Amino acid sequence: MKITLNRINDDFLFEATNSQGNSILLDNTTQPGAKGVSPMESVLMAVAGCSGIDVVSILKKQRQEITDFKAEVEGERIPVEDAKPFKSIKVRFLLEGNIDPKKAYKAAQLSFEKYCSVSKTLEPKVEISYEVYVNGEIVTA
């Protein structure tokens with residue numbers, strides 16, 4: 001796996017591109033007029049994308065009908081010397097459709113405990129939690 005980062009203006013705007021030519025814009029979002037996401041926002045996006053792929057894949061294999069899928073991710077940061085790494089990340093899955101709530105919860109559980117490489121990378125230092133909602137109702141274990 002390889003990413004190329006190119007600076008595309010005279011300030012802090014960068015384009016990160018993968019080996020397939022797909023890219024995202026990264027920027028210093030503390031500056032006015034930022035045109036990309038911050039690197040720390042991209043970490044939260046990566047958690048959402050990784051676990052989202054897992055959850056949808058698992059539910060599709062179980063023939064669950066997903067008509068809408070959203071994930072909301074919030075990260076809490078703490079100062080450590082001059083940096084502010086994440087202390088905790090909370091993911092909220094919002095699923096709509098003809099979905100067995102127990103299967104949806106189990107899919108999220110499997111993602112975070114077994115499959116999601118992004119959360120597994122962060123896990124030793126970051127507390128990651130999740131909630132699952134199916135058709136507006138929270139699902140409990």
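Only a predicted model underlies this, so the values are computations on that prediction, with no experimental measurement involved.
In plain terms, the two heavy atoms of L25 and K35 that are nearest each other are CD1-O, 3.6 Å. Residues L26 and A16 approach most closely at CD1-CB, 4.2 Å, considering heavy atoms. In terms of heavy-atom proximity, G36 sits nearest to D27 at N-CB, 3.6 Å.
Y105 and Y130 have their aromatic ring centers within a separation under 6.0 angstrom.
A side-chain donor-acceptor contact under 3.5 Å links Q64 to the backbone of Q62. Looking only at distances, a side-chain donor or acceptor of R7 sits under 3.5 Å from a matching main-chain atom of N9. For the pair R77 (side chain) and K84 (backbone), a donor-acceptor distance under 3.5 Å is present. Under a 3.5 Å cut-off, the side chain of K87 and the backbone N or O of K125 do not form any donor-acceptor pair. Within the 3.5 Å criterion, the main-chain N or O of C116 finds a donor-acceptor partner in the side chain of D54.
To the nearest 0.5 Å, atom OG1 of residue T67 and atom CG of residue N135 are 7.0 Å apart. Note: T29 OG1 to Q31 CD = 9.0 Å, rounded to the nearest 0.5 Å. Atoms CG and CZ, from L44 and F86 in turn, are 3.5 Å apart once rounded to the nearest 0.5 Å. With values rounded to the nearest 0.5 angstrom, I128 atom CD1 is found 9.0 Å from K120 atom NZ. Rounding to the nearest 0.5 Å places OG1 of T17 at 8.5 Å from CG of N22.
Shown here is K102, whose NZ atom has no more than 12 heavy atoms of other residues, nucleotides or ligands within 6.0 Å.
Under the side-chain contact (heavy atoms from CB on, under 4.5 Å) test applied with V47, the options T121, V126, V118 reduce to a single match, V118.
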(request) Start with the C-alpha distance between L59 and F69, add both sets of side-chain angles, then the distance that settles side chain to side chain contact (heavy atoms under 4.5 Å, CB included), and finish with yes or no. (result) CA-CA 11 Å; L59 292 175; F69 176 96; over 6 Å; no
(request) Go through K90 and E74 one step at a time and tell me if the salt bridge (charged side-chain N to carboxylate O under 4.0 Å, His left out) criterion holds. (result) CA-CA 5 Å; K90 183 174 189 173; E74 294 180 52; over 6 Å; no
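Legend: residues meeting salt bridge (charged side-chain N to carboxylate O under 4.0 Å, His left out) with D82, ordered by chain and number and at least two apart, are absent.
With no hydrogens or angles considered, a side-chain donor-acceptor pair links N28 and T30 at under 3.5 Å.
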